[in-house]
Amino acid sequence: MDGALQLPMVDLSSTDRTLLADSLRKACVENGFFYLINHGVEEELIQRVFEGSRRFFGLSLEEKMKLLRQNHRGDPKESIHFGAPEDMSPYGNLNQWPSQEILPCWRSTMEEYYRRILWVGKRVVSLMAVALNVDEDFFEKVGAFDPPTALLRPLHYPVAGEIDSSDKHMHGAGAHTDCGMITILVTDGVPGLQVCRDKLQKPQIWEDVHHLKGALIVNIGDMMERWTNCLFKSTLHRVTQPTQDRYSVAMFFDPSPDCVVECLKSCCNESSPPRFPPVRAADYLKETYKVTYGDQ
């Protein structure tokens, strides 16, 4: 760890769309991470999400094991994830929810938050299109959100003393990049998130990302990096082992399965040809998950 990173801020309340797109482009090129402010998601809703998370992760192991999915990297954290609510999904209700008797309001809270963050994410992606000199609805026209494939994941990082591990170097979440388009994160303010802006540099330099009250944290994923020919950075990040329980909620925006991710014409030329071949989103994700999780 070498210090704290001053992330740029992107203000969604700005009425100057050109200036807003320019600030977004600069943040994505230079950092791949930024704070999103005046995003329209009420603080009261965010606090209800965190209260529900604390209650869920505080349930007995027996209750939580009813929703078991074994697909972590081996990091000492707990998570539960949800796709689109039933009325938004062409596949029906595939989500697993805790019992209504145990957590009576959590499903409705999470579905409300999902809808709000999905709306925010679509706004951010449309601004990215403007910043990349393509039509504002470019990503919708190529089928990136048809159907919505965003995944909401509440996370709990227990304190180090609760982890049954002899590895003193283990992190709450090991160093990785996200594989989708963008990720929108909200945290409870407990420190732990770190980024490495140059993933090829040796030794790696890690910087703390401070909590900014009222702000969401947005980062670029691998498929957006592919779309932009590495102009937008999919930045390496991790979570250190916390000294107190840490909670966060991440929304991962993946393109729809049949969406083809290929270099934008505005991001390549004769001197900078496409670095990656076109790939179907589902095929890319399948291969990425195979590398990450093996046969689980």
Side-chain angles (χ1 to χ4, degrees), residues 28 32 67-73 79-97 110-111 113-129 132 134-155 176-185 218-234 249-268 274-296:
C28 294
L67 306 174
L68 178 64
R69 283 177 176 165
Q70 295 181 340
N71 60 354
H72 287 315
R73 295 179 177 85
S79 73
I80 182 171
H81 51 263
F82 312 112
E86 185 174 3
D87 62 343
M88 296 178 63
S89 172
Y91 311 114
N93 182 22
L94 301 180
N95 292 321
Q96 294 177 280
W97 296 101
M110 288 297 167
E111 290 184 334
Y113 185 75
Y114 184 102
R115 291 185 176 89
R116 297 302 299 275
I117 293 296
L118 182 66
W119 176 79
V120 171
K122 287 183 175 181
R123 284 194 66 192
V124 171
V125 170
S126 69
L127 280 170
M128 286 183 175
L132 292 164
V134 295
D135 292 341
E136 181 177 356
D137 61 351
F138 170 82
F139 291 105
E140 290 195 29
K141 287 192 294 187
V142 298
F145 292 113
D146 185 23
T149 52
L151 187 72
L152 185 67
R153 180 175 292 168
L155 293 144
H176 66 284
T177 57
D178 294 339
C179 58
M181 297 176 70
I182 62 171
T183 301
I184 299 182
L185 179 75
V218 181
N219 67 275
I220 300 300
D222 297 339
M223 279 193 274
M224 186 61 77
E225 185 176 77
R226 292 176 71 101
W227 251 313
T228 64
N229 213 25
C230 296
L231 177 67
F232 285 7
K233 297 172 60 175
S234 177
V249 183
M251 181 73 134
F252 299 95
F253 289 83
D254 296 338
S256 297
D258 290 326
C259 179
V260 175
V261 179
E262 58 183 323
C263 180
L264 296 170
K265 289 183 173 59
S266 63
C267 296
C268 62
R275 301 186 187 191
F276 310 101
V279 64
R280 181 172 167 266
D283 296 334
Y284 178 81
L285 290 171
K286 181 179 179 180
E287 184 60 30
T288 300
Y289 293 156
K290 182 178 179 182
V291 171
T292 304
Y293 302 128
D295 294 329
Q296 290 186 350

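Keep in mind that what you see is a predicted model, and the values were worked out from it rather than measured.
The minimum heavy-atom distance linking E225 with S234 is given by the pair OE2-N, 3.0 Å. Listed here is the closest heavy atom pair of A150 and Y114: O-OH, 2.7 Å. Across all their heavy atoms, N229 and R275 have their closest contact at OD1-N, 2.8 Å. In plain terms, the two heavy atoms of G143 and C259 that are nearest each other are O-CB, 3.8 Å. When all heavy atoms of L118 and M251 are compared, the closest pair comes out as N-CE, 3.9 Å. Between S266 and V134, the shortest heavy-atom contact is OG-CG1, 3.9 Å.
Considering only residues two or more places apart in sequence or on other chains, E136 meets the salt bridge (Lys or Arg N to Asp or Glu O under 4.0 Å) condition with R17. Remark: A250 engages L155, T183, L185, F252 in a side chain to side chain contact (heavy atoms under 4.5 Å, CB included) (not counting sequence neighbours).
Taking OH of Y113 as the reference point, atom CG of L152 lies at 7.0 Å (rounded to 0.5 Å). From M224, atom CE reaches atom CD1 of I182 across 6.5 Å, with rounding to the nearest 0.5 Å. With rounding to the nearest 0.5 angstrom, the CD1 atom of I220 is 3.5 Å from the CE atom of M128. Atom CZ of residue F253 and atom CG of residue D178 lie 12.0 Å apart, to the nearest 0.5 angstrom. S126 contributes atom OG, which lies 10.0 Å from atom CZ of F139 (distance to the nearest 0.5 angstrom). In this structure, CE in M181 is found 8.5 Å from OG1 in T149, a value given to the nearest 0.5 Å.
Considering P277, C267, P278 as possible partners of R226, the one that fulfils the side-chain contact (heavy atoms from CB on, under 4.5 Å) test is P277.
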(request) Start with the C-alpha gap between T177 and D222, add the side-chain angles, then the distance that decides, and say whether side-chain hydrogen bond (donor to acceptor under 3.5 Å, both in side chains) holds. (result) CA-CA 7 Å; T177 57; D222 297 339; 2.9 Å; yes

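Looking at N95, its side chain does come within 3.5 Å of a backbone N or O of G83 through a donor-acceptor pair. Looking at T288, its side chain never comes within 3.5 Å of a backbone N or O of C179 through a donor-acceptor pair.
For residues 252-263, the salt bridge (charged side-chain N to carboxylate O under 4.0 Å, His left out) pairs, not counting sequence neighbours, are D258-R280.
Using cut-offs of 30° and 60° for the angle between ring planes, the W227 and F138 rings count as perpendicular.
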